[in-house]
Novice: 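One structure follows; several queries about it will come next.
Bear in mind that the values here come from a model prediction, so they are computed numbers and not experimental data.
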Amino acid sequence: MRTQTGWLGLVLVIVSSMVVAQERETDRACLAPPPLSSRSEVPAERDYAGVRFRTGGVGEVEARAMREVRASYSLALTFAERFEDKDRFLAGILVEIRRPDGQDVLCAVSDGPFLFVDLPPGAYRVTATTGGGRAMQRAVNLGDAHRDVTFLWLSSGAGR
């Protein structure tokens, strides 16, 4: 059984590691998804260097909840893979968003097939990389309207 001091120490370690992850923007520290046990219907909104984002969509209930908040973000990214003529949603995608000058805007790992980001109008380069290292880039120009972008990878067995 842990003592009260032991629990407090554990909480302090967790909180300080979260602060360090956010402060390491120059080290390109990507934000990992929260533990599965902390999920609710709509995953919590998160922040990366002042950029609001939300990621999730695993399961029917959470996917529906994510779709309901989609319009409140300027950019909605969806990740899927085509396998044997069927599309499957993907999670665990490393997402890096940069301005044309190379400045990091967001670096996070998706906790589901959706990642919604609230960005000001402008030009961005979005790179999405699967756990297997397959990367895809998209140039995205945001105006005042919401924008949807889908990343669809073809599996090695697709089309055979």
Side-chain angles (χ1 to χ4, degrees), residues 7-81 87-131 134-153:
W7 282 111
L8 180 60
L10 179 61
V11 168
L12 288 174
V13 167
I14 292 170
V15 168
S16 61
S17 67
M18 290 168 46
V19 169
V20 168
Q22 290 183 347
E23 289 176 351
R24 294 182 56 202
E25 175 186 356
T26 57
D27 294 341
R28 292 178 18 104
C30 294
L31 295 179
L36 294 177
S37 62
S38 69
R39 284 194 180 156
S40 64
E41 284 186 20
V42 179
E45 185 172 83
R46 302 177 67 204
D47 181 274
Y48 179 88
V51 173
R52 292 183 322 114
F53 73 99
R54 190 180 306 260
T55 180
V58 175
E60 190 174 319
V61 172
E62 191 176 284
R64 184 175 34 254
M66 286 290 289
R67 287 183 186 107
E68 288 175 8
V69 299
R70 171 185 233 121
S72 61
Y73 294 87
S74 57
L75 178 63
L77 305 175
T78 302
F79 311 107
E81 176 182 46
D87 294 346
R88 302 188 296 194
F89 283 133
L90 295 177
I93 304 297
L94 172 64
V95 178
E96 298 170 288
I97 301 177
R98 293 189 178 92
R99 296 188 186 280
D101 65 3
Q103 176 189 3
D104 285 337
V105 175
L106 175 74
C107 186
V109 176
S110 74
D111 190 28
F114 305 123
L115 190 140
F116 304 156
V117 188
D118 192 27
L119 297 171
Y124 300 92
R125 187 176 72 243
V126 181
T127 303
T129 307
T130 67
R134 296 182 298 157
M136 212 182 275
Q137 284 190 357
R138 297 275 192 276
V140 176
N141 289 307
L142 295 176
D144 293 331
H146 170 86
R147 176 96 190 268
D148 290 302
V149 177
T150 299
F151 288 85
L152 179 64
W153 286 269

Novice: Is the NZ or CZ atom of Arg52 positioned over Tyr73's six-membered ring, under 6.0 angstrom from the centre and within 45° of the axis?
Specialist: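 Judged by the rule (NZ or CZ under 6.0 Å from the ring centre, within 45° of its axis), Arg52 counts as positioned above Tyr73.
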
Novice: Rounded to the nearest 0.5 Å, how far does CZ of Phe89 lie from CZ of Phe114?
Specialist: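 These two atoms lie 4.0 Å from each other.
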
Novice: Identify the two heavy atoms, one from Ala63 and one from Gly57, that lie closest to each other, and give their separation to 0.1 Å.
Specialist: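 That would be CB-O, 3.6 Å.
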
Novice: Tell me the closest heavy-atom pair linking Arg54 and Val42, and the distance in Å.
Specialist: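 Heavy atoms of Arg54 and Val42 come nearest at NH1-CG1, 3.2 Å.
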
Novice: With heavy-atom distances below 4.5 Å as the criterion, would you say the side chains of Val117 and Tyr48 are in contact?
Specialist: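 The answer is no, as the side chains (C-beta and beyond) never meet within the 4.5 Å cut-off.
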
Novice: Within the 4.5 Å heavy-atom criterion, are Glu41 and Glu68 side-chain neighbours or not?
Specialist: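 Of all side-chain heavy-atom pairs linking Glu68 with Glu41, none is under 4.5 Å.
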
Novice: Hey, what do you get for CH2 (Trp153) to CD1 (Ile93), rounding to the nearest 0.5 Å?
Specialist: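 The CD1 atom of Ile93 is 4.5 Å from CH2 of Trp153, to the nearest 0.5 Å.
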
Novice: Checking Arg70 now: which residues fulfil salt bridge (charged side-chain N to carboxylate O under 4.0 Å, His left out) with it, not counting sequence neighbours?
Specialist: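 With neighbours one apart ignored, the set is Asp148.
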
Novice: Any side-chain heavy atom of Asp111 within less than 4.5 Å of one from Val58?
Specialist: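 Not touching, per the 4.5 Å side-chain cut-off.
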
Novice: Donor-acceptor pair, Ser74 side chain versus Leu119 backbone, under 3.5 Å?
Specialist: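 Yes, the answer is positive, given that a donor and an acceptor are paired below the 3.5 Å cut-off.
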
Novice: Please evaluate residues Leu94 and Cys107 with respect to the criterion side-chain contact (heavy atoms from CB on, under 4.5 Å), reporting the C-alpha separation (whole Å), side-chain torsions for both, the decisive distance (0.1 Å), and the verdict.
Specialist: CA-CA 7 Å; Leu94 172 64; Cys107 186; 4.1 Å; yes

Novice: Do Val51 and Ile97 have side chains that get closer than 4.5 Å, going by heavy atoms?
Specialist: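 No - every pair of side-chain heavy atoms lies 4.5 Å or more apart.
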
Novice: Heavy atoms, side chains only, cut-off 4.5 Å: are Val95 and Thr127 in contact?
Specialist: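 Counting from C-beta outward, Val95 and Thr127 never come under 4.5 Å.
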
Novice: Tell me, with the steps shown, if Val105 and Arg99 meet side-chain contact (heavy atoms from CB on, under 4.5 Å).
Specialist: CA-CA 7 Å; Val105 175; Arg99 296 188 186 280; 3.6 Å; yes

Novice: Show your reasoning for whether side-chain contact (heavy atoms from CB on, under 4.5 Å) applies to Phe79 and Leu115.
Specialist: CA-CA 9 Å; Phe79 311 107; Leu115 190 140; 4.0 Å; yes

Novice: If you measure from CG on Asp118 to NE2 on His146, what distance do you get to the nearest 0.5 Å?
Specialist: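 Output value for this atom pair is 11.0 Å.
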
Novice: Is there side-chain contact between Asp144 and Pro121, with heavy atoms separated by less than 4.5 Å?
Specialist: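 Counting from C-beta outward, Asp144 and Pro121 do come under 4.5 Å.
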
Novice: How would you list, by chain and number, every residue that makes a side-chain contact (heavy atoms from CB on, under 4.5 Å) with Arg138, sequence neighbours excluded?
Specialist: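 Met136, Val140, Val149, Phe151.
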
Novice: Over all heavy atoms of both residues, which pair between Ala49 and Asp47 is shortest? Give the atoms and the distance, please.
Specialist: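 For Ala49 versus Asp47, the nearest heavy atoms are N-OD1, 3.6 Å.
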
Novice: Hey, what do you get for CZ (Arg46) to CZ (Phe53), rounding to the nearest 0.5 Å?
Specialist: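 Going from CZ on Arg46 over to CZ on Phe53, the span is 4.5 Å.
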
Novice: Taking only residues two or more places apart in sequence or in another chain, which ones pass salt bridge (charged side-chain N to carboxylate O under 4.0 Å, His left out) with Arg64?
Specialist: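 With sequence neighbours excluded, Arg64 shows a salt bridge (charged side-chain N to carboxylate O under 4.0 Å, His left out) to Glu60, given in chain and number order.
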
Novice: Specify the closest pair of heavy atoms between Pro43 and Gly56, including all atoms of both residues, with the distance to one decimal.
Specialist: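 It is CG-CA, 4.0 Å.
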
Novice: Taking C-beta and beyond as the side chain, do Leu90 and Pro113 meet within less than 4.5 Å on heavy atoms?
Specialist: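 Leu90 does not reach Pro113 side chain to side chain.
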
Novice: Any idea which heavy atoms bring Pro100 and Ala123 closest together, and the distance?
Specialist: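 Answer, listing the atom of Pro100 first, then Ala123: CD-O, 3.2 Å.
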
